[in-house]
Amino acid sequence: MARKPILAGNWKMHGSTAEAKALAGGLAAKVGQQTDRGVILGPPFTALATTLDAVKGTNIIVSAQNMHFEEKGAFTGEVSPTMLQDLGVTHVILGHSERREIFGETDELINKKVASALAHDLTAILCVGETLDQRDAGKTNDVVTGQVKAGLQGVTTAQAPKIILAYEPVWAIGTGRVATPEQAQDVHAAIRACVNGLGLPGDDIAILYGGSVKPDNVDGLMACPDIDGALVGGASLKVEDFTRIVEFQS
Ligand code: 13P
């Protein structure tokens, strides 16, 4: 089955509202009318409204980078799924390695967030990935499929269309050291087999690669059969670079 490619930008903690307006507006003009591939922008919370406004009338989707699993309550500093819905946000990145490593998010917490996102009709972009030590120890597929199983626990086939997976090897994030297409393809195939093994329609779920994706390496990655898109950090902050990534050729 043909899965539609998805090119997603994770802006991380970058961008004033003015910068978000310029970046999203520039991308709206360049790639806003794409129909054969999905384009997702992930600004920080403070720029979500500005970004939504800048892409209005285009096919570009806006994603948050995180959320709490509860709808409301005494959770100082947190943002809820209903707050995201209220803004018009439809997607949320969950379980990014920076959330796992820097903020101590566990598989159990991430699974609660996935369940909550789906319960609120938000598409969850669930991130998984191994560290360099884990790769060197030959544990890559065990670690990654373990994160997939834990993150997707309780997810039903009916909810599967609202799941996007992202394989982001920790050693490739922000390092300039991209996984080779072969390395990425191997893990993507293992993830897809794992999802099928869970009884979910793995062949229908997009699996994005993330970690130092740039205009000059996107084509080789996108040529791999199980790589359905990219989750891009640094190179998503420049209109020209992200446009070239969206317009990958393979
Ligand atoms: P870089 O593209 O900057 O390596 O970041 C990848 C990433 O973490 C996207 O979520």
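When a ligand or atom number is given, it counts from 1 through the structure's own listing order.
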Checking side-chain contact (heavy atoms from CB on, under 4.5 Å) for the pair L118/L122: CA distance, chi angles, key distance, verdict? CA-CA 5 Å; L118 297 172; L122 295 165; over 6 Å; no

Could you list the donor-acceptor pairs under 3.5 angstrom formed by side chains in residues 25-41, with sequence neighbours left out?
from : atom 1 : to   : atom 2 : distance (Å)
R37  : NH1    : V246 : O      : 2.8
R37  : NH1    : F248 : O      : 3.4

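- For ligand 1, the 4.0 Å heavy-atom shell takes in N10, K12, H96, E168, A172, I173, G174, G211, S212, L231, V232, G233, G234, ordered by chain and residue number.
- Sorted by first then second residue, the ring-ring contact (aromatic ring centres under 6.0 Å, His included) pairs that include residues 144-194, not counting sequence neighbours, are Y167-H188.
- Partners of H120 according to the ring pair (Phe, Tyr, Trp, His ring centres under 6.0 Å) rule, which considers only residues two or more places apart in sequence or in another chain, do not exist here.
- Side-chain contact of T131 with Q134: a donor-acceptor pair under 3.5 Å is present, judged by distance alone.
- One finds a salt bridge joining E98 and K12 here, because a Lys/Arg side-chain nitrogen approaches an Asp/Glu carboxylate oxygen to under 4.0 Å.
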